[in-house]
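Have a look at the structure that comes next, please.
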Amino acid sequence: MSEELSKALVELESDEVLEVVKSRAEKGEDAIHILEECRRGMTMVGDRFQKGEYFLAELLLSAEIFKGAVAILQPYLAKARPSKPLGKVLLATLKGDIHDLGKNIVATLLQAYGFDVHDLGVDVPPSLVVEKVREVRPDFVGFSALITTAFASMKEAAEILQQAGLRDHLKIMIGGGVTSPMTKDYVGADFLTLDAMEGVTYCMKVLGGK
Ligand code: B12
């Protein structure tokens, strides 16, 4: 796989990323491949951030560039999507938390791979999750958490899904920088990852086994 795009993204070369994405998509290259290269660029940005080489401004700029690339790819991804969605996923960042960069990456990848994604946004009350689960009947509910005070909201959402008799019909997956195996146990989630693509792979595996 070419490194051209991931390198341009990690160097925050916005114009170059968008031009290359456009020209490669127009030439007929698989949109998923192009998206995957951008995702690897985002992972590299994350690594630089962890090492203290990049700061908040770079992180936010990279997210904007990624969003621009996805917007260009959207019509190509839509064409490549299976006519029937692989499964349904409800995503949310729960009450007390407004971070959404990670959740948006997960949403983009899930959509690109053929899932029907219902993104409830940020600062979402647990009661709304239950309401939407009743309406949408998703196979998966994904919570993204970047702030520890949101852990209680995730636990509450899982508990009220259980009380409503909805919990056994779906898998709960969680992710986001501050989550750990302890969070997964506390919330009672089925799966935890700090890598958006692993979340997609998990959903495909679970549905493959259905
Ligand atoms: C960017 C950022 C912000 C931005 C958010 C912009 C946005 N639109 O999201 C802004 C500036 C607004 C912000 C605000 C705040 N922030 Co802030 N923020 C960060 C920062 C720097 C990066 C987080 C991030 O986006 N990472 C990049 C993304 C891509 O990574 P990610 O979310 O982990 O996602 C990946 C995986 O985890 C996975 N994933 C994520 N979610 C999910 C979900 C599922 C289902 C799956 C499968 C996978 C998955 O996929 C992604 C890609 O692989 C972190 C510091 C850090 N080191 O993480 C602090 C941090 C999260 N923030 C923090 C704080 C405290 C705040 C504020 C309260 C600050 C303040 N005093 O006002 C406010 C939040 C208010 C609130 N109520 O939420 C703390 C949280 C501390 C804690 N332990 O709770 C951190 C850790 C900084 C710190 N060290 O203190 N923040």
Side-chain angles (χ1 to χ4, degrees), residues 6 9-10 12 35-70 86-113 115-125 129 132-133 138-155 157-158 161 170-184 186-207:
S6 36
L9 210 153
V10 78
L12 306 168
L35 180 67
E36 175 56 20
E37 215 182 304
C38 293
R39 188 188 69 83
R40 280 192 289 120
M42 290 299 282
T43 307
M44 286 153 74
V45 171
D47 292 344
R48 288 199 185 179
F49 180 77
Q50 294 298 341
K51 286 188 207 148
E53 294 166 9
Y54 272 0
F55 299 98
L56 182 60
E58 284 88 354
L59 200 63
L60 294 177
L61 179 55
S62 70
E64 278 307 304
I65 302 174
F66 185 73
K67 209 164 132 191
V70 171
L86 292 184
K88 289 187 208 167
V89 188
L90 197 77
L91 287 179
T93 296
L94 291 187
K95 201 165 169 43
D97 193 347
I98 56 147
H99 297 85
D100 66 358
L101 302 182
K103 173 180 65 56
N104 295 346
I105 296 175
V106 180
T108 301
L109 292 178
L110 282 166
Q111 265 166 355
Y113 279 81
F115 287 87
D116 183 9
V117 176
H118 299 255
D119 186 348
L120 303 185
V122 299
D123 202 20
V124 174
V129 173
K132 287 289 168 186
V133 164
D139 304 287
F140 303 92
V141 170
F143 297 136
S144 182
L146 264 300
I147 192 155
T148 43
T149 46
F151 292 177
S153 305
M154 295 199 288
K155 186 181 170 67
L161 281 171
L170 52 85
K171 298 282 185 203
I172 295 182
M173 53 178 181
I174 64 170
V178 296
T179 57
S180 70
M182 266 169 68
T183 324
K184 174 177 169 270
Y186 171 73
V187 169
D190 299 294
F191 183 70
L192 157 81
T193 180
L194 298 185
D195 178 331
M197 196 55 217
E198 271 181 19
V200 177
T201 310
Y202 170 73
C203 294
M204 295 206 277
K205 249 195 210 155
V206 169
L207 291 180

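Throughout, residue positions are numbered sequentially from 1 according to the sequence presented. Whatever order the structure lists them in is the order used to number ligands and atoms, beginning at 1. What you see is a predicted model; the values in this text were computed from it and never measured.
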Can you pull out every salt bridge (charged side-chain N to carboxylate O under 4.0 Å, His left out) where at least one residue sits in residues 44-58? Sequence neighbours excluded, please.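 Passing the test, one end in residues 44-58: Glu11-Arg48.
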
Any N or O of Asp100 that comes nearer than 3.5 Å to an N or O of ligand 1?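 Yes, Asp100 has an N/O under 3.5 Å of an N/O on ligand 1.
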
Can any side-chain N or O of Asp123 pair as donor or acceptor with the backbone N or O of Gly96 at less than 3.5 Å?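 Side chain of Asp123 to backbone of Gly96: a pair is present.
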
For Arg39, is there an ion pair with Asp195 - N to carboxylate O distance below 4.0 angstrom?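 Looking at Asp195 and Arg39, the cut-off is met.
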
Between Asp139 and Phe115, is any pair of side-chain heavy atoms under 4.5 Å apart?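 Not touching, per the 4.5 Å side-chain cut-off.
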
Min side-chain heavy-atom separation Thr193-Tyr202 under 4.5 Å: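 Counting from C-beta outward, Thr193 and Tyr202 never come under 4.5 Å.
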
Could you tell me if the side chain of Leu9 sits less than 4.5 Å from the side chain of Met44, heavy atoms only?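 Not touching, per the 4.5 Å side-chain cut-off.
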
Specify the protein heavy atom at minimum distance from atom 36 (C) of ligand 1: its residue, its atom name, and the distance to 0.1 Å.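 Heavy-atom neighbour on the protein nearest atom 36 (C) of ligand 1: Leu194 O, 3.2 Å.
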
Please verify whether a non-hydrogen atom of Tyr202 lies at under 4.0 Å from ligand 1.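 No, Tyr202 has no heavy atoms under 4.0 Å from ligand 1.
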
Could you tell me whether atom 13 (C) of ligand 1 has a protein heavy atom closer than 4.0 Å?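 Yes, there is a protein heavy atom closer to it than 4.0 Å.
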
In terms of residue, atom name and distance, what is the protein heavy atom nearest to atom 44 (C) of ligand 1?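 For atom 44 (C) of ligand 1, the nearest protein heavy atom is Gly175 N, 3.9 Å.
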
Nearest neighbour in protein (non-hydrogen) for atom 80 (C) of ligand 1: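 Going atom by atom, the protein heavy atom closest to atom 80 (C) of ligand 1 ends up being Leu146 O, 3.4 Å.
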
Pairs of nitrogen or oxygen atoms closer than 3.5 Å, one from Leu91 and one from ligand 1: do any exist?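 No, since none of the N or O atoms of Leu91 sits under 3.5 Å from an N or O of ligand 1.
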
Closest protein heavy atom (residue, atom, distance) for atom 1 (C) of ligand 1: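 Heavy-atom neighbour on the protein nearest atom 1 (C) of ligand 1: Leu56 CD1, 3.3 Å.
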
Going by distance only, is there an N or O of Gly96 that falls short of 3.5 Å from an N or O of ligand 1?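 By distance alone, the answer is yes.
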
Contact (N/O only, under 3.5 Å) between Thr148 and ligand 1: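 N/O-N/O distance under 3.5 Å: yes.
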
Taking Tyr54 for its side chain and Val10 for its backbone only, find out whether a donor-acceptor pair lies under 3.5 Å.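 At least one qualifying donor-acceptor pair exists.
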
Got a sec: does the NZ of Lys155 have more than 12 other heavy atoms crowding it under 6.0 Å?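 Atom NZ in Lys155 is crowded, with more than 12 foreign heavy atoms closer than 6.0 Å.
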
For atom 33 (O) of ligand 1, what's the nearest protein heavy atom and its distance?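 Going by distance alone, atom 33 (O) of ligand 1 is nearest to Gly177 N, 2.9 Å.
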
If we count only non-hydrogen protein atoms and require a distance under 4.0 Å, does atom 85 (C) of ligand 1 qualify as touching the protein?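 No; the ligand atom in question lacks any protein heavy-atom contact below 4.0 Å.
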
Could an N or O of ligand 1 be found under 3.5 Å from any N or O of Ile98, whether backbone or side chain?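 Yes; at least one N/O pair falls below 3.5 Å.
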
Proximity flag Phe143 to ligand 1, non-hydrogen atoms under 4.0 Å: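 Per 4.0 Å heavy-atom rule, Phe143 contacts ligand 1.
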
Pairs of nitrogen or oxygen atoms closer than 3.5 Å, one from Leu59 and one from ligand 1: do any exist?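 Such a contact does not occur with ligand 1.
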
Check whether any protein heavy atom sits under 4.0 Å from atom 25 (O) of ligand 1.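 Given the 4.0 Å limit, the answer for atom 25 (O) of ligand 1 is yes, a protein heavy atom qualifies.
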
Is there a polar contact between ligand 1 and His99, counting only N or O atoms under 3.5 Å apart?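 Checking ligand 1 against His99, an N or O pair does fall under 3.5 Å apart.
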
Atom 49 (C) of ligand 1 - nearest protein heavy atom and its distance: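 For atom 49 (C) of ligand 1, the nearest protein heavy atom is Val106 CG2, 3.4 Å.
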
For Leu60 and Phe55, what are the C-alpha separation, side-chain angles and deciding distance, and is it a side chain to side chain contact (heavy atoms under 4.5 Å, CB included)? CA-CA 9 Å; Leu60 294 177; Phe55 299 98; over 6 Å; no

Residue part near ligand 1, for Thr43, under 4.0 Å between non-hydrogen atoms: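 No part of Thr43 comes within reach of ligand 1.
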
Would you verify that at least one protein heavy atom lies under 4.0 Å from atom 67 (C) of ligand 1, or report that none does?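 False for atom 67 (C) of ligand 1.
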
Within 4.0 Å of atom 40 (C) of ligand 1 (strictly less), any protein heavy atom?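 Flag for atom 40 (C) of ligand 1 set to true, protein heavy atom closer than 4.0 Å.
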
Is atom 71 (N) of ligand 1 less than 4.0 angstrom from some protein heavy atom?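 There is no protein heavy atom less than 4.0 Å from atom 71 (N) of ligand 1.
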
Checking contacts now, so for atom 89 (N) of ligand 1, which I'm interested in, is there any protein heavy atom under 4.0 Å?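 So far as the 4.0 Å threshold goes, atom 89 (N) of ligand 1 is out of reach of every protein heavy atom.
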
Pairs of nitrogen or oxygen atoms closer than 3.5 Å, one from Ser144 and one from ligand 1: do any exist?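 Yes, Ser144 has an N/O under 3.5 Å of an N/O on ligand 1.
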
Any donor-acceptor N/O pair, Thr93 side chain to His99 backbone, under 3.5 Å: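 Pair found, side chain donor or acceptor close to backbone of His99.
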
Is atom 54 (C) of ligand 1 less than 4.0 angstrom from at least one protein heavy atom?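 Protein heavy atoms within 4.0 Å of atom 54 (C) of ligand 1 - there are none.
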
Heteroatom proximity flag, Ala196 to ligand 1, N/O under 3.5 Å: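 Between Ala196 and ligand 1 (N or O atoms, distance only) the closest approach is under 3.5 Å.
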
Contact between Gly46 and ligand 1, counting heavy atoms under 4.0 Å?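 No, Gly46 has no heavy atoms under 4.0 Å from ligand 1.
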
Which residue and atom name correspond to the protein heavy atom nearest atom 47 (C) of ligand 1, and how close is it?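 Result: Thr193 CG2, 3.5 Å.
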
Contact between Val129 and Leu94 at the side-chain level, heavy atoms closer than 4.5 Å - yes or no?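 Yes - at least one pair of side-chain heavy atoms lies under 4.5 Å apart.
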
